[in-house]
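This report concerns only the one structure given below.
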Amino acid sequence: MILSLIDITKAKGESERAQAYWNAYHCQSKIISSDNKLYGNYCKNRFCTVCCAIRKAEIINKYYPVLKEWEKPYFVTLTTKAVKAKNLNKWIFGMNRAFNIIKNRCKKRYQRGTGIQLIGVKSLECNFNPQRKTYNPHFHIIVPNKVIADLLKKEWMLQWNQTGVIYTSPKAQHIREVENLERDLIETIKYGSKIFTEADLKKKGKKATTPLIYALALDNILCAMKGKRIFERFGFNLPKTSKKKPIKQLVINYEEFIFTSDATDWISTTTGKLLTGYTQTSQLNHLLNECINTETY
DNA sequence: GTTCAAAAGCAAAGGGTCAA
DNA sequence: TTGACCCTTTGCTTTTGAAC
């Protein structure tokens with residue numbers, strides 16, 4: 001997937017982003033094992049599946065204890081109209097601005113004792129529509145109760161449709177009760193973009209189509225989201241946790257493993273032994289070889 | 001190239017003013 | 001009375017840059 005993204009940046013002539021992709025490509029390529037533990041370095045890129053998984057886990061561990069205390073959490077989706085790639089950056093900016101204005105408005109009402117406090121966690125995500133070649137940026141939000149969910153939707157509609165021009169419709173905003181908090185928290189923080197996109201959205205539900213990875217769309221989304229915060233909380237703080245300082249230890253007995261794509265595994269530089277013994281499944285093979293759309297249109 | 005701490009940059013929270 | 005906008009402090013997160 002990363003190699004496809006690199007090809008896209010090459011076609012666009014953007015070497016800086018290509019370098020960032022390469023960093024992700026080499027993430028965890030070297031692993032040191034010692035005393036039954038594995039050590040590696042994270043590239044910490046948004047588009048690195050390894051680092052994303054770690055980041056997700058960290059966020060879940062941090063937020064789940066707080067969110068599970070909420071009385072009756074609701075899941076809210078706020079959207080605007082789908083846009084073309086060249087306008088995506090501008091629209092994401094506008095969505096953040098709109099959300100801030102709403103937050104400020106509610107803050108003032110709360111300060112004056114005439115409104116409730118807006119509390120929740122929110123994340124920015126963007127889907128791609130392969131037929132229309134449009135992008136649909138949206139917020140996924142978890143709030144503690146239905147009152148806040150309804151308020152958010154109401155204010156969002158108000159914010160976007162003030163001038164008489166319709167930027168979004170009430171039908172595009174969704175509110176539902178959280179049934180499985182962990183699942184919804186994962187849904188909220190899944191980080192920026194769905195990697196896989198159904199090739200034909202209309203067929204949804206009727207027939208299972210093979211999802212594809214649209215490399216160009218993914219690159220466009222990553223580009224538009226660069227430097228923007230994807231996951232944020234509002235209206236509350238996490239309880240203070242004391243940071244445990246990692247203890248440094250000098251390791252004498254260790255083994256070095258280097259990842260080799262041909263082997264789909266890490267190989268020991270001293271013994272030639274495989275680290276995991278993993279063999280790529282035919283499904284994954286198919287996915288990586290046949291399901292990445294590298295069109296640059 | 002990696003690590004780590006300081007600095008810079010951002011956002012939230014709490015407040016205020018002003019004009020419609 | 002309300003919303004837009006401004007200010008300051010505080011607490012993070014990200015970036016930078018120097019040491020290794």
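Naming: A, B, ... by sequence-line order, numbering from 1 per chain.
- The other residues sharing a hydrophobic cluster with A/Leu275 are A/Ile31, A/Leu38, A/Phe257, A/Phe259, A/Trp266, where clustering joins ILVMFWY side chains under 4.5 Å apart.
- Remark: C1' of B/dT2 and CD1 of A/Ile32 are 13 Å apart, rounded to the nearest angstrom.
- Not counting sequence neighbours, the partners of A/His26 by the ring pair (Phe, Tyr, Trp, His ring centres under 6.0 Å) test are A/Trp22.
- For the pair A/Trp22 CH2 and B/dG1 C1', the computed distance is 18 Å after rounding to whole Å.
- Under the 3.5 Å distance criterion, with hydrogens and angles disregarded, a donor-acceptor pair is assigned to the side chains of A/Asn220 and A/Tyr135.
- Residue pairs satisfying the salt bridge (charged side-chain N to carboxylate O under 4.0 Å, His left out) criterion with at least one member in residues 264-290 of chain A, sequence neighbours excluded, are absent.
- Contact check, A/Arg105 against C/dT2: no side-chain N or O comes under 4.0 Å of OP1 or OP2.
- At C/dT2, none of the side-chain N or O atoms of A/Arg109 fall inside 4.0 Å of OP1 or OP2 (strictly under the cut-off).
- Applying the salt bridge (charged side-chain N to carboxylate O under 4.0 Å, His left out) test to every pair with at least one member in residues 137-148 of chain A, sequence neighbours left out, gives these pairs: A/Lys146-A/Asp150.
- Other members of the cluster containing A/Ile101 do not exist, because no ILVMFWY side chain is joined to it at under 4.5 Å.
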5' to 3', nucleotides 11-16 of chain B under a 4.0 Å protein heavy-atom cut-off (B base, S sugar-phosphate only, - none) gives SSBBBB
